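Working notes for the structure below.
Everything numeric here is computed off the predicted structure, so don't read it as measured data.
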Amino acid sequence: MTRAAQVRLALASVSNPARALHSASFFKTGPGQYGEGDLFLGATVPAQRKVAREAKPLPLDEVSALLESEIHEHRLTALFILVAQFNTADPPLRKQIFSFYLANLRHINNWDLVDSSAPQIVGAHLLNSPRKLLYKLAKSKDLWERRVAIVATQALIRAGKTDDTYAIAALLLADQHHLIHKATGWMLREAGRHSRATLLDFLKQHYSALPRTALRYAIEHLPPQQRKQILSGHFSPH
């Protein structure tokens, strides 16, 4: 039995059919929905993290076998393993994991998969490197690659680097998908914690083009009266 097979068995042992049905609905797996065809075991995230901790030494070829699975928890657990490996890796291995991640982007195809790994691997790797990749991904036709582009900037924001977040958010203004609107607003909100003035300048400049969902997410941390003013297009001096 391969070690990847052992991970699959461990996840099966903590599966829950009722939870699997709920997850299939929650992650929009119906025909034409963003998660169409995704399958679930019904394992909780804490249970998956526990399995991932125990499987941290898993070789990349076996991580790949998990990522290629049609079962959502196999892929998420594989990403938890990758993040754990990346966090303790030396620079050459980090580069290898980063390249492996990019080579497997087609399997990172739901919002929780992106959000649990893009900042920790893509963003972290690019902290002190050119970030042209993020701009390329932001222009992708693939929904999940565009989400990787904006969510990966969370690692940059945490390091006090917000310019790329605003630049990529500007590239995504015309995006039609609500999951990009939500992710963009989320990252704008986090960037705004570093400088409210910079956030307000961006929102004022792009108010007419910014999707309302993104705008609402971006201003969640502001006082209620200020949120109300911004939603109506009024920006008081800061």
Side-chain angles (χ1 to χ4, degrees), residues 34 76 79-80 82-87 89 91 94-95 97-207 209-222 230:
Y34 63 75
L76 183 56
L79 292 169
F80 288 152
L82 273 186
V83 169
Q85 291 179 354
F86 185 92
N87 286 341
R94 282 191 166 204
K95 184 176 181 180
I97 292 170
F98 171 75
S99 297
F100 174 86
Y101 184 91
L102 295 182
N104 285 276
L105 277 178
R106 66 191 180 280
H107 302 306
I108 304 167
N109 56 354
N110 216 311
W111 58 263
D112 63 323
L113 304 180
V114 171
D115 298 357
S116 298
S117 60
Q120 297 89 335
I121 295 176
V122 178
H125 185 75
L126 296 177
L127 268 175
N128 299 302
S129 304
R131 296 188 271 274
K132 292 181 180 179
L133 170 69
L134 298 182
Y135 294 84
K136 179 181 178 181
L137 292 175
K139 298 174 183 177
S140 172
K141 294 181 179 179
D142 184 84
L143 164 64
W144 306 117
E145 291 188 0
R146 300 197 305 277
R147 188 163 175 117
V148 166
I150 187 65
V151 174
T153 69
Q154 186 178 42
L156 308 178
I157 294 168
R158 288 172 176 166
K161 303 177 180 182
T162 61
D163 289 352
D164 292 293
T165 300
Y166 288 113
I168 292 170
L171 287 177
L172 295 173
L173 288 174
D175 203 288
Q176 298 298 305
H177 205 286
H178 72 280
L179 288 177
I180 300 300
H181 301 168
K182 290 179 178 180
T184 300
W186 171 28
M187 290 303 108
L188 287 173
R189 182 186 70 219
E190 296 308 303
R193 297 186 192 278
H194 286 272
S195 171
R196 184 172 295 184
T198 304
L199 172 63
L200 293 177
D201 284 343
F202 179 90
L203 297 180
K204 183 177 182 179
Q205 180 182 352
H206 298 288
Y207 176 79
L210 192 66
R212 297 295 280 188
T213 297
L215 178 61
R216 289 182 184 278
Y217 271 62
I219 62 176
E220 280 180 340
H221 65 299
L222 301 180
I230 291 172

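Looking at every heavy atom in both residues, Ala218 comes nearest to Leu188 through CB-CB, 3.8 Å. Smallest separation of non-hydrogen atoms from Pro119 and Val151: CG-O, 3.4 Å. When every heavy atom of Leu171 is checked against every heavy atom of Tyr135, the shortest pair comes out as CD1-CD2, 3.6 Å. The minimum heavy-atom distance between Ala124 and Ala155, with the atom names listed, is N-CB, 3.7 Å. The nearest pair of heavy atoms linking Lys182 to Thr213 is CG-CG2, 3.7 Å.
Partners of Tyr217 under the side chain to side chain donor-acceptor pair (under 3.5 Å) rule, at least two apart in sequence or in another chain, do not exist in this structure.
Side chains of Asp164 and Ile157 form no contact here, defined as non-hydrogen atoms less than 4.5 Å apart. Between Asn110 and Leu76, every side-chain heavy-atom pair lies at or beyond the 4.5 Å cut-off. Under the 4.5 Å side-chain criterion, counting only non-hydrogen atoms from C-beta, Lys161 is in contact with Arg131. Using a 4.5 Å heavy-atom cutoff, the side chains of Ile108 and Tyr101 are in contact. Under the 4.5 Å side-chain criterion, counting only non-hydrogen atoms from C-beta, Arg158 is in contact with Gln154. Inter-residue side-chain proximity for Lys204 and Asp201 is flagged as unmet; no heavy-atom pair is nearer than 4.5 Å.
Residues Arg147 and Asp115 are paired through a salt bridge, judged by an N-O separation under 4.0 Å between the basic side chain and the carboxylate.
Between the side chain of Gln120 and the backbone N or O of Ser117 there is at least one donor-acceptor pair closer than 3.5 Å. A distance-only check finds a donor-acceptor pair linking the side chain of Asp175 to the backbone of His177 [under 3.5 Å]. Using modelled atom types, one side-chain atom of Arg146 and one backbone atom of Lys141 make a donor-acceptor pair closer than 3.5 Å. Between the Glu145 side chain and the Leu143 main chain, no donor and acceptor come within less than 3.5 Å of each other. Side chain of Thr153 to backbone of Ile150: a donor-acceptor contact under 3.5 angstrom is found.
Here the straight-line distance linking atom CG of Leu156 with atom CE of Met187 works out to 10.5 Å at 0.5 Å rounding. For the atom pair Arg196 CZ and His221 NE2, the distance stands at 5.5 Å (nearest 0.5 Å). The distance from atom OG1 of Thr184 to atom CG of Leu173, rounded to the nearest 0.5 Å, is 8.0 Å. We find the CD1-CG distance between Ile168 and Asp163 to be 11.0 Å, quoted to the nearest 0.5 Å. How far CG of Leu102 is from CG of Leu133: 5.5 Å, rounded to the nearest 0.5 Å. In this structure, NE2 in His194 is found 9.0 Å from OG1 in Thr165, a value given to the nearest 0.5 Å.
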Exercise for review: Test side-chain contact (heavy atoms from CB on, under 4.5 Å) on Ile121 and Leu79 and set out the steps.
Suggested key: CA-CA 10 Å; Ile121 295 176; Leu79 292 169; 5.6 Å; no
Check your understanding: Where do Arg94 and Ile97 land on the side-chain contact (heavy atoms from CB on, under 4.5 Å) test, with the steps shown first?
Key -> CA-CA 5 Å; Arg94 282 191 166 204; Ile97 292 170; 5.8 Å; no
Check your understanding: Is there a side chain to side chain donor-acceptor pair (under 3.5 Å) between Tyr34 and Trp144 once you walk through the steps?
Key -> CA-CA 10 Å; Tyr34 63 75; Trp144 306 117; over 6 Å; no
Check your understanding: Could you walk me through whether Trp186 and Glu220 pass the side-chain contact (heavy atoms from CB on, under 4.5 Å) check?
Key -> CA-CA 9 Å; Trp186 171 28; Glu220 280 180 340; over 6 Å; no
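Between Phe202 and Tyr166, the ring-plane angle classifies as tilted under the 30° and 60° cut-offs.
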